[in-house]
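Below, read A as the first sequence line, B as the second, and so on, with proteins coming before strands; counting in each chain starts at 1.
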2 protein chains.
Amino acid sequence: MPQKKKTKKEINEAIQDWLDSYSSSKKATIKDVAQIAGVSKNTISRIINNSPLVKDETRLVVKTIIEKIGYQPDPQARGLAFRHSFLIGMLYGNPNPHFVLNLQQGILDGLDDTDYELVVRPCYRSNPNYLSDIQAFVERMKLAGVILTPSLAEDEALAKMLRKAGCKYIRISPAELDEEKNIIVTNDRIGASEAADYLSSLGHTQIACILGRSDFLSSKERLEGFRESLRANKIHLPTEYLVKGDFTFESGTSATQELLALPTPPTAIFASNDEMAAGALHAIRLAGLRVPEDLSVVGYDDFHIAVTVWPRLTTLRSPIHDTGKLAVQKLLSENPSNQSAFPDIPSPTLVVRESTSPPTP
Amino acid sequence: MPQKKKTKKEINEAIQDWLDSYSSSKKATIKDVAQIAGVSKNTISRIINNSPLVKDETRLVVKTIIEKIGYQPDPQARGLAFRHSFLIGMLYGNPNPHFVLNLQQGILDGLDDTDYELVVRPCYRSNPNYLSDIQAFVERMKLAGVILTPSLAEDEALAKMLRKAGCKYIRISPAELDEEKNIIVTNDRIGASEAADYLSSLGHTQIACILGRSDFLSSKERLEGFRESLRANKIHLPTEYLVKGDFTFESGTSATQELLALPTPPTAIFASNDEMAAGALHAIRLAGLRVPEDLSVVGYDDFHIAVTVWPRLTTLRSPIHDTGKLAVQKLLSENPSNQSAFPDIPSPTLVVRESTSPPTP
DNA sequence: CTGAAAGCGCTTACAG
DNA sequence: CTGAAAGCGCTTACAG
C-alpha cells in the first residue's frame, strides 16, 4: 500500500481523522494502525510480538499511533492464528478459600503486564469424569498452560494427561515429583521441622502431632519434617503422640481430646494446619486447661483464623502469593529449566504469637 | 460438496477413517465434521448454535458424528466471528475470601453446560486507573458480560461505563440501584431486621449495633434493617448504641470495648458481620464477661469463622452461592427482565447457635 | 432446509 | 527490514 514513507505530519493527520470518525463506535484493528502508519499489517504484527526485525524508527512511530488511538490487539484473533489462547488455567481442588484466593491473587499479579488472563476451574478428583473433563477443557480452550494446586498437583495421571495433550503445566507441591521446569516445591517439610525445633527450643520434650488428610502430600511432608526435628533434637516420639486429623476444625478438636486422654498427655501440640490448631484450642478449653500455660499449640499456614482465635496461634507462614506469581513466570517463560532464573520459593517462616510458651514444670 | 446424500454406512466409514488417521494428533474442526457428514460447514454451524433451520434427521446424524469424533467448537474462532468472546468476567473488590470464593463457585456452577468460561479480576477502587483499566479489559477481552460484587456493584460510574461500552453486567447489591435486568438484590435489610427481631424476641431491650465500612452499602442497609426492627418492636435505641466498625475483627473488638465502657452497656450486640462479632467475643472475654450469659452476640454472613469461635455465633446466612448462579443465568438470558423467570433471591436465614440467650435479669 | 463466498482480526511462511 | 497472500476455525448475509 505505502508508495512512499508517510511524513510525521501526514501520520498525525491520519490519527486525527481516525479519532474523529471512529473512536467512540468501533475499536481499532491492526488494519487501522497499518493504514495510519502507512505500513503493512505484517509490520504491526511484528511490533506487537516484539520481533527484532523492525526498524527502530518504524517501531517508535507505530507505538505512538497504537498509544494514541488506543489500539489493543484482539486476543481471540491472535489466539486463532497462534493455535493457542492467551488464557492460562488455575485448576484447584483445595478446600481452603484463603489458600485458593491467595494463590489466585499471586497468579493474577504474575499475569499483570502479560498478554494472558486467568480462567479458573475447580476440579474434584472424586468426579468419575475428572480427567476427561479437564482434558476436554484444556483442549477446547487451547490453554497456554495450567497451574495445579495441591492436591491435584500430586496426581500423576493428571500430569501425564496434560503432557500428552501438549499442555504446559506447573505443579505446586510440597515434594519434588516432577522435572524442575514443571514444579514449584513448597518446603512443607522444612516448615514443620521449624515448628518442632521451636517447641523443643522452648524446652518441650513431650510433643504431639495432629496429622492432616492422608490424600494430601503436605500431611506426609509435614509429619516427616516434624519427625526429623524430634530425631535431631533427641526427643522421643511415642506412637500415641501421632494422631490422625483431616485438616478440619472438628478433627483438631477430637484429635486433641484423644491426646488429653493419654496417661501422659503431651505438653505441646503441632497441628498440621491452623484449622486443626484452632480445634485443638477448643478441645483444650473444654477440658478446662489453659493455652499456653498447660499446653502449647502450633499451627501451620498462618491463615486468618490464626489471629481470630484466642490465644492467637504461633504458626508457619508460607509465601503462597509469591508461589502463585512464580508459577506464572515459570509457566510463561521460554526457558523454565533455568534454575538461576527461578530461585526456589523461600521456606515458611515461623510466626510466634501467644499459643506457645515453655512448659510449666 | 455433497453430490448426493451419504448413507449411514458411508458416514460410519468416514468416521472410522477419521479416527484412524487423525484422532491423537489433530483436533477435529468444523470442516472435518462437515466432510464426514457430507454437508456444508453452514449446517454444522447451525447445529452448534441450535438453529431451528435444520432437518431433524441431519441434526441427529451430525450430533452423532460430533460425539464420536469428539469435536468441540473452537471458542476463539466462534468468538472472532461473533464479535464477542465466550468469556464472562467476575470483577471483585470484596476483601473476604469466603464471600468471593462462594460466589465464584456459584458463578462457575451457573456456567456449567453453557459455552462460557469465567475469567476473574480483582479491582481496587483506590487505583487511579480503576475505571479505564476495567474498560480496557472488557473491550480487549470482548467479554460477553461481567458480574459485579459489592462494593464495586455500587459504583454508578462503573455501571455507566459498562453501559457505554456495550457490556452486559449484573450488579450484586443489597439495594435496588439499577434496572431489574441488571441487578440481583441481596436483602441485607431483611436479614438485619431478623437479627434484631430475634434478639428482641429473646427479651433484650438494650441492643447495640456495630456498623460496617461506610463505603459498603451493606453497612447502611443492615443498619437500616436493625433500626426498623427496633422501631417495630418499640425498643429505644440510644445513639451510643450505634458504634462504628469496618468489618474487621479488630474493629469489632474496639467497638465492643466502647460499648462495655458505657454507663448502661447493652445486653446484646448485633455486629454487621461475623468477623466483627468474633472481635466482640474477644473483647467481652478480655473484660471478664461471658457470652451469652452476660451479653448476647449476633453476627452476619455465617462464614467459617462463625463456627470456629467460642461460643459459636448466632448469625445470618446469605445464599451467596445461589446468588452467583442466578447472576449467570440472568446475564446469559436473552430476556433478563422477565421477572417470573428470575425469582428474587431468598432472604438470609437466621442460624441460631450458642452466642445468644435471653438476658439475665 | 441447505450451501458458496466473504469476513472476523490476527500470524506465518515466502519472497524480496 | 518490509509486504502480498493464504490461513487459523468459525458465522453471516445472500441466494436458492
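The two residues A/L91 and A/C123 come nearest to each other via the heavy atoms CG-SG, 3.7 Å.
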For DNA chain C, the dot-bracket notation using Watson-Crick and G-U wobble pairs below 3.5 Å, [ ] for pseudoknot-type crossings and | for other-strand pairs, is |||.||||||||.|||
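Between the CD1 atom of A/I47 and the C1' atom of D/dC1 there is a distance of 11 Å, given to the nearest Å. The interatomic distance linking B/R59 (CZ) with C/dT2 (C1') rounds to 13 Å, in whole Å. Computed from coordinates, the A/D56 CG to D/dT2 P distance equals 10 Å when rounded to whole Å. Between the P atom of D/dT2 and the CD atom of A/E57 lies a distance of 9 Å, rounded to the nearest Å.
Between A/T58 and the phosphate of D/dC1, there is no side-chain N or O to OP1/OP2 separation shorter than 4.0 Å.
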Provide a list of protein-nucleic acid N or O atom pairs under 3.5 angstrom, restricted to nucleotides 10-13 of chain C.
unit_1 : atom_1 : unit_2 : atom_2 : d
C/dC10 : OP1    : A/Y71  : OH     : 2.9
C/dC10 : OP1    : A/D74  : N      : 3.2
C/dC10 : OP2    : A/I30  : N      : 2.6
C/dC10 : OP2    : A/Y71  : OH     : 3.4
C/dC10 : O5'    : A/Y71  : OH     : 3.2
C/dC10 : N4     : A/K41  : NZ     : 3.3
C/dT11 : OP1    : A/N49  : OD1    : 3.4
C/dT11 : OP1    : A/N49  : ND2    : 2.6
C/dT11 : OP1    : A/R78  : NE     : 3.0
C/dT11 : OP2    : A/S45  : OG     : 2.4
C/dT11 : O5'    : A/S45  : OG     : 3.4
C/dT12 : O4     : A/N42  : OD1    : 3.4
C/dA13 : N6     : A/N42  : ND2    : 3.4

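Pairs of residues two or more places apart, or lying in two chains, that qualify as salt bridge (charged side-chain N to carboxylate O under 4.0 Å, His left out) and include a residue from residues 106-116 of chain B are B/R78-B/D115.
Remark: of the listed residues A/E180, A/E156, A/E179, A/E156 is the sole one forming a salt bridge (charged side-chain N to carboxylate O under 4.0 Å, His left out) with A/R171.
B/S173 places no side-chain N or O within donor-acceptor distance of the main-chain N or O of B/E154, the cut-off being under 3.5 Å.
No more than 12 heavy atoms of other residues, nucleotides or ligands lie within 6.0 Å of CD in A/E67, so this atom counts as exposed by the packing criterion.
Taking the side chain as every heavy atom from C-beta outward, B/L332 and B/Y116 approach each other to under 4.5 Å.
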